[in-house]
Number of protein chains: 2
Amino acid sequence: MTARVTMRDVARAVGVSPMTVSRALRDDETVNEKTRHKIRQVANDLGYVYDTTAQAFRTQKSGFVAVTLPSINNANFAETFRGLSDGLGASGMQLLLGSTNYRVEKEEELVRQLLTRNPEAIVLTGGHHTDETRALLRARNLPVVEMWDLPTEPLGHVIGFSNAEAMAKLVTHLAESGRRRLGYIGASDLTDLRGAERRDGVIAKAAELGLPEVEFLDAGPAPVSMRHGAQAVSALGANLRSFDALVCVSDPVAFGVLSECRRMGLDVPGDIAITGFGNFEVASVSDPRITTIGVTAREIGEQVALLLEDVFAGNQRDGPRVVDVGSRLVRGETS
Amino acid sequence: MTARVTMRDVARAVGVSPMTVSRALRDDETVNEKTRHKIRQVANDLGYVYDTTAQAFRTQKSGFVAVTLPSINNANFAETFRGLSDGLGASGMQLLLGSTNYRVEKEEELVRQLLTRNPEAIVLTGGHHTDETRALLRARNLPVVEMWDLPTEPLGHVIGFSNAEAMAKLVTHLAESGRRRLGYIGASDLTDLRGAERRDGVIAKAAELGLPEVEFLDAGPAPVSMRHGAQAVSALGANLRSFDALVCVSDPVAFGVLSECRRMGLDVPGDIAITGFGNFEVASVSDPRITTIGVTAREIGEQVALLLEDVFAGNQRDGPRVVDVGSRLVRGETS
DNA sequence: TTGAAAGCGTTACCAC
DNA sequence: GTGGTAACGCTTTCAA
C-alpha cells in the first residue's frame, strides 16, 4: 500500500515547484514548453494521477450536474438523460443521477443528498416539489432547470411542455372520431403529479366538448406500466363495454390495455379506441400501432444541455429561460 | 451571493467548536444529547448543507461507486441499476453512472473518466474490455465487479450468468418442440459482445443437436430494439417461410419480430416460433406471450450491492467471489 | 464531553 | 516564467 503520488512528488522529481506542475498539467502556456514536457513525462513515469476531489474542493467547483428522474426505468426519461449526458459531455460536466420513484418526498431527500456534492447546476423532472425542496434550492445560488412540465411557479429555467394541452389534443381527436364514453387509466394516488395533470387535462377537455363525464380507472400506485394496464382492463370485465375509448397515462399502459382487450376478444379500434402517451417504441411497433402523444424526450435533454452550457459560459444573464417544446398527436391504428 | 454556511458558522451560532458540530452531525454518542439536538436545529435553521466534497477530500474516501452500463435505456440494465442503487443506499455510497453504448472503446474512455473521481469500487457490465481498460483497473487497487457475464479472465468479482448456456436452453426447447430451421436475429457487428455470445451459444447447441446450420439475420449495429426486429423480418420478405423458429437477441427485438410476422399474416407459433431474451415486461404482456429467458436483473444489482458491502466492511478477504445467478426458460405462447 | 492543531492535494493570488 | 503562501471544509489525533 504505497502512498499516493502528488504534485509535490512530481515537482520534487523535476526540480520545480508544485505550482509549476499544476500549471503544466493544465497546459498553461506561461510554463516553459520544455519544462511542461518534462513534467508530463515524469508525472507519467511516477504514475501520477490527478486528484479531481482536491481540485473540486479547492476551486469549489465540483464538475457535477445533478439530475433527478422519477424513474430510471422509463424509456422517455432514459432518452432525456442520454440527450443531457451526450450534450454535456463536451463541457466536461458529469451527471449525478438520482431517481425519486415519482414521490416529491423522495425528491426532497434526494435533492438534499445531491446538494452535498456541490453540483454546479441541478435539473429536476417535473414542476411539483415540496416547500422544503424549494427552500433548499433557493438557499443555494444554483442554476435550476425544471423539465417535462411547464410549472406555474418555476424555480428557474424551464424546458418542458403542457401535459394538459397534450391530452386535450387526444380528447379532441377522439371526439372528432365519434368517441364519447371515455375512460382514463392511470396511477391511483396523487404521487404521480404529471399523471394527475394528464388526467385533469382529459377531464377538462371532455367537459368542454360536452362529452359524458370521464371515468377514472385505477391502475395502482405509480409507477404503472404494461401489466397494470392489462390488470385494470381485466378488472373491468364486462364493464369494459361501457367505454368506447380508453385514454392511458402512457404508452406502456396503453399497450397492456391493448393486449388485454384483444385477449378479451374486443376489436381495436372497432369496439374501443385506445390512446397512450410518450410515443414509446412499443407504440409504433405494436400491431395495431397505438395512437399517442409524441414528446421529444431526447431533445428535452439536449436543450437542457445547451441551456446549461450557456449558463456556465455566462451567456444567460437575462433571467430564467422558459421553453415550451410542445407535443404532437401521433395517429396510430388504435383510434 | 451569500457565502456558504459551514460547520464553523453553525459552531459559532451554537457556541461550541466546529469539532463538536462535526461529531454532532454524525450522531456521535459522545456529544451531549442536548448539545447534539441544539446543533441539529441550528444547522437546519441556518440552512446548513453538509459538504461531501470536503469530507471526501479529508478522508480520502469519495463515497462513490462507479458503474458502467451498455445502455441506460434498457429495462434490464435499468433494473440492475435500481437494485444496486437501492441496495447501496444504506451504506451511503453514491453511484456514478456512465453508459458505453455497447462499445469497449467507449467503456475505456468512460472508465478513465470515472476513475478521476476516485470511486471506491467499480462495477462493469460484461466481461469484455480493452487491454488498456484492464491495465487501468489493475493499476488501481480498486475492487472491481463484472456483472451480466461469466468472464473467462475476471478482473475481480463476478456476478453473472452464462449467455451461451441460456441460449442452449432455448434451442433445446425449440428442438424438442420439433423446430429445425432456426434463424438468429441480433446486432450485426461485433460490438455487442454479449449478443455475440448468445449467437454463438445458439449455433453451438444447434450443431450439437444435429439441426441444420443456423442462419444469422442482421438487425443492424447495436443497440437493436423493437423496430430493428421488425425491419429484419420485413427485409426477409417471402424468405421468412424458410424458417420455423426465430431466436432473437432480446425481448424487444422479439416483440418487433412478432408484430411484423403477424402483419405479414403469419400464425405464431403455428407457422413460426419466436423467442426472446431477458423476460422484459413486454414478453409477458404481449399477446401471445413471448417465450424467453428469465434473468434476475434486479437481483444481480442487489447481489453486487451486498458483495460491495462485504468488501467495504472488510468481510471479503478470501479472494474474488464468482457467483453464477443462472437463468431459466420462461415458456410463453410463441413457441 | 469538548476543543486545538494539523493536514488531506490543489490552485488563486501575489511577488519576483 | 516561476515560486511562496494561504486557503477551500472537514476530520484525525491528541490533549484537557
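Each chain gets a letter, A, B and so on, in the order its sequence line appears, and its residues count up from 1.
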d([atom1], [X]; [atom2], [N]) in whole Å:
X        : N      : atom1 : atom2 : value
B:Glu33  : C:dT1  : CD    : P     : 10 Å
B:Leu25  : D:dT11 : CG    : P     : 8 Å
B:Phe57  : C:dG9  : CZ    : C1'   : 4 Å
A:Asn118 : D:dG9  : CG    : C1'   : 10 Å
B:Arg8   : D:dC10 : CZ    : C1'   : 12 Å
A:Met7   : C:dC8  : CE    : P     : 15 Å
B:Met19  : C:dT2  : CE    : P     : 12 Å
A:Asp9   : C:dT10 : CG    : P     : 9 Å

Identify whether any heavy atom of [X] sits under 4.0 Å from a base atom; if not, whether one sits that close to sugar-phosphate; answer base, sugar-phosphate or nothing.
X       : answer
A:Arg26 : sugar-phosphate
B:Thr6  : sugar-phosphate
B:Thr30 : base
A:Thr35 : sugar-phosphate

**Prompt:** Counting heavy atoms not belonging to B:Lys106, are there more than 12 under 6.0 Å from its NZ?
**Reply:**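 Counting other residues, nucleotides and ligands, NZ of B:Lys106 exceeds 12 neighbours.
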Charged N to carboxylate O below 4.0 Å: is that the case for [X] and [Y]?
X        : Y        : result
A:Arg112 : A:Glu108 : yes
A:Asp9   : A:Arg12  : yes
B:Asp310 : B:Arg321 : yes

May I ask you to evaluate whether [X] reaches the phosphate of [N], defined as a side-chain N or O under 4.0 Å from OP1 or OP2?
X       : N      : answer
B:Thr20 : C:dG3  : yes
B:Gln60 : C:dG7  : no
A:Gln55 : C:dT11 : yes
B:Tyr48 : D:dG9  : no
A:Ser22 : C:dT11 : yes

**Asked** Do the rings of B:Trp148 and B:Phe77 sit parallel, tilted or perpendicular, given the 30° and 60° boundaries?
**Response** perpendicular
**Contact nearer the 5' end of DNA chain C, comparing B:Pro18 with A:Pro18** =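 Result: B:Pro18.
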**Message:** From C-beta outward on B:Arg23, which listed nucleotide comes closest to its side chain: D:dG9, C:dT2, C:dT11?
**Reply:** C:dT2
**Prompt:** Of the nucleotides D:dT2, C:dT10, C:dT2, which one has an atom closest to the side chain of B:Asn32?
**Reply:**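 Closest nucleotide among those given: C:dT2.
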**Side-chain-base donor-acceptor pair under 3.5 Å for A:Arg58 and D:dG9** = no
**Prompt:** Can a cation-pi geometry be assigned to A:Arg117 and B:Phe64, taking NZ or CZ under 6.0 Å from the six-membered ring centre and within 45° of the ring axis?
**Reply:** yes
